[in-house]
Amino acid sequence: MEFKKGFDFNSLSKRIVPVKIENDLSSFSDNQKKVIQSLIKVAKIIDDVYLLQRSEDNLKIRQKIEESKNQNLMNYFTIMKGPVDEFENSAFINGYQIGCHAEFYPHNLTIEEWDNYLNTHPQDKNDFISPHSVIRRRKNQLIAIPYSEYYKQHLQKASEFILKVIDDVENYYLKSYLTSIANAFGNNDYEEAEIRWLQLLDGELEVIFGPHEFYDDKFLGYKAAFTAFISIRNQEEYRKLKAVLKEIESMQQKLPIPAHYKKQKQVTANSKLMIVDLLYNAGEGRGYAQTVALNLPNSEKIRSKFGSKKVLFHNIIKAKFDHIMTKIADRLLSAADKEKVTFTA
């Protein structure tokens, strides 16, 4: 590897503050801790799949960095999910090309060729625009390959980790979701898993795996990137939240707006809102910018029938408040106003 002139892998410390996230698992049973350890292994596999989605050279590059035993460079690569400085939008390894296709499409595919192919092969459209397929060339012909086939080596291993520990899962809804996502890794149908995830509301663990967000597909925006979040419910904040959720209907009716602007159907049905503390994240959900919340699924079909779920990562929001918001307040506000900037608010 040859680094671009002027590249300084130590510069990351000037732009990113390391924060140690700690959680108390003393109340968890041995079975629950065993489940968490297995789920972290699954998340690490998801991370590898995401690296491949960004660049099929990423795992080879990571191996070379590991062999160099340069921890600062490894931190840089890990945070950026590859050899691209996301702050500068430029590669720090010579010869590495940044494109809008990621690894979802052939790098030389044009919009004109894409449109022409679908116009002449309408029977292939659903497979081509599927969020869960990659587009490749085979004998000068475009083909769509399901994620379950293209990433089979990794997804099969992730599925095996889940199924080995499934009997130790104590919560019925978590067991149901994990079984569904393990199946989805093999059959490429994530609809059942997303519906099961929406039903996961009352357990201590909040977990989600799979291809969800579309930000990495800058070419057409069709393809979903793999992500993983493992978190535990923040019981104190969740109790506060449940008290508020009970009053949503009442608050809605008291809004000082004309009646025809108010929702006529019960709003709590689609107001699945969770407050959790993050234990481990991977894939698209873990990079140079840390996610503070997620709102899934993205499928309009599922959202219209089953609603959506919003998950707030309390400890990540707190870390950003402590290390970013307070610093902004220190610079911009008077002493009197600065005191009004509180985490609770």
Side-chain angles (χ1 to χ4, degrees), residues 1-2 4 45-65 77-78 80-86 88-158 184-190 209-228 282-288 298-299:
M1 290 184 299
E2 291 186 5
K4 285 194 173 178
I45 295 172
I46 294 294
D47 207 53
D48 284 352
V49 175
Y50 179 63
L51 285 175
L52 292 172
Q53 289 186 302
R54 285 178 63 89
S55 169
E56 294 193 341
D57 294 327
N58 264 342
L59 297 187
K60 297 175 185 176
I61 294 172
R62 184 179 67 184
Q63 184 176 351
K64 289 183 178 179
I65 295 175
F77 177 90
T78 301
M80 296 299 173
K81 292 293 192 241
V84 175
D85 187 327
E86 294 290 347
E88 307 294 339
N89 192 32
S90 65
F92 52 79
I93 294 179
N94 284 331
Y96 188 91
Q97 301 297 318
I98 303 174
C100 62
H101 300 75
E103 297 291 353
F104 300 120
Y105 313 90
H107 293 181
N108 59 356
L109 180 64
T110 64
I111 294 292
E112 291 74 20
E113 183 183 5
W114 171 269
D115 289 341
N116 180 64
Y117 183 87
L118 291 188
N119 287 334
T120 55
H121 300 78
Q123 71 277 8
D124 294 338
K125 182 175 180 180
N126 287 341
D127 291 336
F128 269 61
I129 68 173
S130 166
H132 311 136
S133 69
V134 297
I135 308 302
R136 291 293 180 264
R137 296 188 190 277
R138 183 176 293 170
K139 296 180 180 179
N140 296 322
Q141 181 84 1
L142 291 174
I143 61 170
I145 307 174
Y147 283 176
S148 56
E149 180 182 337
Y150 198 77
Y151 303 113
K152 182 177 181 179
Q153 178 183 352
H154 294 84
L155 295 180
Q156 187 173 4
K157 188 176 180 182
F185 287 157
N187 63 25
N188 214 49
D189 184 355
Y190 289 87
F209 298 131
H212 294 290
E213 303 292 1
F214 299 84
Y215 306 115
D216 285 273
D217 180 359
K218 297 179 175 64
F219 180 57
L220 292 169
Y222 284 129
K223 306 304 177 182
F226 277 86
T227 193
E284 190 273 340
R286 180 173 184 166
Y288 72 104
N298 283 314
S299 167

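Computed from a predicted structure; not experimentally measured. Each residue takes its place number in the sequence, starting with 1. As a basis for the values below, the full set of heavy atoms in this structure was taken, side chains included, without hydrogen atoms, waters or symmetry mates.
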Exercise for the section: Flag the pair E113 and R137 as a salt bridge only when some basic side-chain nitrogen lies within less than 4.0 angstrom of an acidic carboxylate oxygen. Expected result: yes
Handout entry: Side-chain (N298) to main-chain (H212) donor-acceptor, under 3.5 angstrom
Key = yes
Practice task
Check whether more than 12 heavy atoms from other residues, nucleotides or ligands sit under 6.0 Å from atom CD of Q97, and answer yes or no.
Solution key: no
Exercise for the section: Measure the shortest side-chain to side-chain distance between Y96 and S55 over non-hydrogen atoms and say whether it is less than 4.5 angstrom. Expected result: yes
Problem - CG-OG1 distance between D47 and T227, expressed to the nearest 0.5 angstrom - result: 9.0 Å
Handout entry: Spacing of I111 atom CD1 and D115 atom CG [to the nearest 0.5 Å]
Key = 6.5 Å
Handout entry: Heavy-atom donor-acceptor pair, H107 side chain to C100 backbone, under 3.5 Å
Key = no
Practice task
Describe, in one word, how the ring planes of Y147 and F226 are oriented to each other, choosing from parallel (under 30°), tilted (30 to 60°) and perpendicular (over 60°).
Solution key: tilted
Practice task
Given salt bridge (Lys or Arg N to Asp or Glu O under 4.0 Å), test E56 with R136 step by step and report yes or no.
Solution key: CA-CA 13 Å; E56 294 193 341; R136 291 293 180 264; 3.1 Å; yes
Practice task
Check whether more than 12 heavy atoms from other residues, nucleotides or ligands sit under 6.0 Å from atom CD of Q123, and answer yes or no.
Solution key: yes
Problem - Whether F128 and Y117 hold their rings parallel, tilted or perpendicular, with breakpoints at 30° and 60° - result: parallel
Practice task
Report the distance from atom OH of Y105 to atom CD of E103, rounding to the nearest 0.5 Å.
Solution key: 12.5 Å
Practice task
Check T110 against F219 and note the closest heavy-atom contact, atom names and distance.
Solution key: C-CZ, 3.8 Å
Exercise for the section: For residues L109 and H101, report the shortest heavy-atom separation together with the two atoms involved. Expected result: O-NE2, 2.8 Å
Problem - Euclidean distance, L118 CG relative to D127 CG, rounded to 0.5 Å - result: 10.5 Å
Handout entry: Flag for N58-Y50: side-chain donor and acceptor within less than 3.5 Å
Key = no
Problem - Test side-chain contact (heavy atoms from CB on, under 4.5 Å) applied to L52 and H154, step by step - result: CA-CA 11 Å; L52 292 172; H154 294 84; 3.6 Å; yes
Handout entry: Value rounded to 0.5 Å, distance of CD1 in I135 from CD1 in I145
Key = 8.5 Å
Practice task
May I ask you to check whether over 12 heavy atoms, not counting those of K64, lie within 6.0 Å of atom NZ?
Solution key: no
Completion exercise
Between S148 and N188, the two heavy atoms sitting closest are N-OD1, 3.2 Å
Handout entry: Heavy-atom pair with the smallest gap, counting every atom of A144 and P146
Key = O-CD, 4.0 Å
Problem - Flag side-chain contact, heavy atom, 4.5 Å: I46 against F185 - result: yes
Exercise for the section: Output the distance between atom CD1 (I129) and atom NZ (K223), rounded to the nearest 0.5 Å. Expected result: 8.0 Å
Practice task
Locate the shortest heavy-atom distance separating G221 from F214; write the atom from each residue and the value.
Solution key: O-CD2, 3.5 Å
Practice task
Locate the shortest heavy-atom distance separating D217 from L220; write the atom from each residue and the value.
Solution key: OD1-N, 3.0 Å
Handout entry: Residues forming a salt bridge (charged side-chain N to carboxylate O under 4.0 Å, His left out) with D57, sequence neighbours excluded
Key = none
Problem - K81 and E284, any side-chain heavy atoms less than 4.5 Å apart - result: no
Problem - Student check: side-chain heavy atoms of F104 and Q53 closer than 4.5 Å - result: yes
Exercise for the section: Output, in order, the C-alpha distance, side-chain angles, deciding distance and verdict of salt bridge (Lys or Arg N to Asp or Glu O under 4.0 Å) for D216 and R54. Expected result: CA-CA 8 Å; D216 285 273; R54 285 178 63 89; 3.1 Å; yes
Problem - Any residue meeting salt bridge (charged side-chain N to carboxylate O under 4.0 Å, His left out) with D48, in chain and number order, not counting sequence neighbours - result: R62
